[in-house]
Amino acid sequence: MQVVVNSPNVEYTNKYIISKYDYQYVEAQKEESSIAVNTLTEKLMFRTQRKVPKLGVMLVGWGGNNGASFTAALIANKLKLSWTTRKGNQDANWFGSVTQASTVRIADEVHVPMSHLLPIVDPNNLIIDGWDISALDLAAALKRSEVFPPDLVEVLKPHMEKRKPRAAIFNQDYVAENQKSRADNVLNGSKLDQVKTLMDDIEEFRNQWKLDEVIVLWTATTERFTSIVEGINDTAENLSKAIKSNYKDISPSTLYAYAAISKGCTYINGSPQNTFVPGLIELAEEKKVFIAGDDFKSGQTKLKSVLVDFLVSAGIKPVSIVSYNHLGNNDGRNLSAPEQFRSKEISKSNVVDDMVASNSILYKPGEKPDHVVVIKYVPYVGDSKRAMDEYISEIMMGGHNTLVIHNTCEDSLLAAPLILDLVLLAELFSRIEVKKLENEDAEYTKLHPVLSVLSYLCKAPLVPKGTPIVNSLFRQRACIENILRACTGLPPETNMTLEHKVP
Ligand code: NAI
């Protein structure tokens, strides 16, 4: 059910939804004793292509816990499966997906699913494929993950056992030593040979299913960080040369992204490592291909970016944030190695920076709360990750407030809906074009290739160079919602509800 807006500013053609939009924003300059503020209005025209493409997604790390859980959820939802639990029957659903399970307020008591604002790919029509260094078929991978109950795994088996991950690029130097035993499905040859194979894989998948679009998403093992080296990965040209010369320090994830971008496919990074070296970002910009990342914002960090926002915006000063995690899945095993843990630590560390910097009453310039992140591997708990957080805040007159939060849940059941949202929203935002109306000759352009509008789903959002990073979850969600509203011809959600306040 699509929302249809009756407004002189919106036009529905066969091909497009076209919406005229006054974007109001503010520029401000701090002066000695005042702040000079200019309010500005940009007249924009949004154009959203109505035809939804036949979309395929290729997961890197398809046979991992996230990859197998996502595939299982896609099939279970498509087949409307239901299974027995100790509490009775459980139907398949997409809880945790902002596109499938959250709503947007249109008017008093009228809320619609976010997916009804603009045409968006139906998850039931999504085609899936991918790579994994482990050759296990998807039914066996689902069993290995120990995420879903055995009954459901059995029902899904005939739908999953024929799906086998394609051979993958593997480099032991980038992941923990303990991952070696999984690697029985790997590509040989030079880096260039491997990139070419990935490009052929993408092409084959596209042709096999007659797809209009393919999105590649990394949900594979966390890699160590790559050094940024002048002459190697600092420009698109140097990166191409380095691949051709088989330079040793190029991460597998950068090679996947390079192959995807070269084929014009959006690439999304669900892990913390710095796949997007400067040369790769330049390549995406040159080719006008979308990239997004980094690291799914699923549990502890999501809550942190809500809680610290609440505290700081309430005038309460968080001074110590300590987060312990223990988990027993393969991700936890890999993160037990120092270099891979370091990638995660970096990605988890900066998530409160913008909120802290926004309040100069609480924090002096450069002052930050103590912030420590610990991750331990405890095999017994499997995918059921435990996150324990202690937030100490200063309240009025030197008082203290300590909040202790214990969070237990299946990690992959939080991540799988984010994979769906990332793919569906990346595709939707790729169909949106915009032009500035004051310039008569202006042409429609796509959004910036660094798709920062997906920050809501990412722990360490990648943004266009020189633009601010927003971590606050509600601001990130409002950004998605308000852009979708603008394209539909609806005003932004201001929550003023003046219609009820002004007599
Ligand atoms: P997992 O270890 O179960 O799955 C990763 C898969 O990637 C494995 O099957 C492995 O064989 C495969 N793999 C490793 N290197 C590869 C390569 N070069 N090419 C292709 N496949 C490769 O881990 P899980 O739990 O599925 O997590 C996946 C990633 O998502 C991890 O990096 C994790 O840090 C990240 N993540 C997970 C979150 C969650 O809530 N589950 C939240 C945030 C990030």
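Just follow the structure's listing: the first ligand is 1, and inside any ligand the first atom is 1. One-based numbering along the sequence shown.
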Please state whether the rings of Y256 and W218 are parallel, tilted or perpendicular, taking 30° and 60° as the class boundaries. perpendicular
Please confirm whether V60 comes under 4.0 Å of ligand 1, counting heavy atoms of the residue only. yes
When you compare the side chains of N238 and E230, does any donor N or O come within less than 3.5 Å of an acceptor on the partner? no
Closest to atom 13 (N) of ligand 1 (heavy atoms only, candidates T221, L198, L457) is T221
Heavy-atom gap Y256 to ligand 1 smaller than 4.0 Å: yes
Which protein non-hydrogen atom lies closest to atom 17 (C) of ligand 1, naming both residue and atom, and how far is it? I169 O, 3.3 Å
Please write down residue, atom name and distance for the protein heavy atom closest to atom 44 (C) of ligand 1. D295 OD1, 3.0 Å
Shortest heavy-atom approach to atom 39 (C) of ligand 1 - which of D411, T222, L59: D411
Atom 37 (C) of ligand 1 [closest protein heavy-atom partner, distance rounded to 0.1 Å]: N66 ND2, 3.6 Å
Taking only non-hydrogen atoms of I133, do any sit less than 4.0 angstrom from ligand 1? yes
Any N/O pair G64/ligand 1 closer than 3.5 Å: yes
Shortest protein contact, atom 3 (O) of ligand 1 (heavy atom only): N65 N, 2.8 Å
Does D383 reach ligand 1 with a nitrogen or oxygen that is under 3.5 Å from one of the ligand's nitrogen or oxygen atoms? no
Could an N or O of ligand 1 be found under 3.5 Å from any N or O of A220, whether backbone or side chain? yes
For a quick check under 3.5 Å, do D389 and S323 share a side-chain donor-acceptor pair by atom type? yes
Can you report which non-hydrogen protein atom sits closest to atom 42 (C) of ligand 1, along with the distance? S298 OG, 3.3 Å
Would you find more than 12 non-hydrogen atoms of other residues, nucleotides or ligands less than 6.0 Å from E237 atom CD? no
Heavy atom of the protein closest to atom 8 (C) of ligand 1 (residue, atom name, distance): R182 NH2, 3.3 Å
Closest to atom 25 (O) of ligand 1 among protein heavy atoms sits D331 CB, 3.6 Å
With no hydrogens and no angle check, just 3.5 Å: does a side-chain donor-acceptor pair link D370 and S320? no
Quick one: look at K459 and ligand 1, take heavy-atom pairs under 4.0 Å, and tell me if it's side chain, backbone, both or neither. side chain
Within the structure, does W218 bring an N/O atom to less than 3.5 angstrom of an N/O atom in ligand 1? no
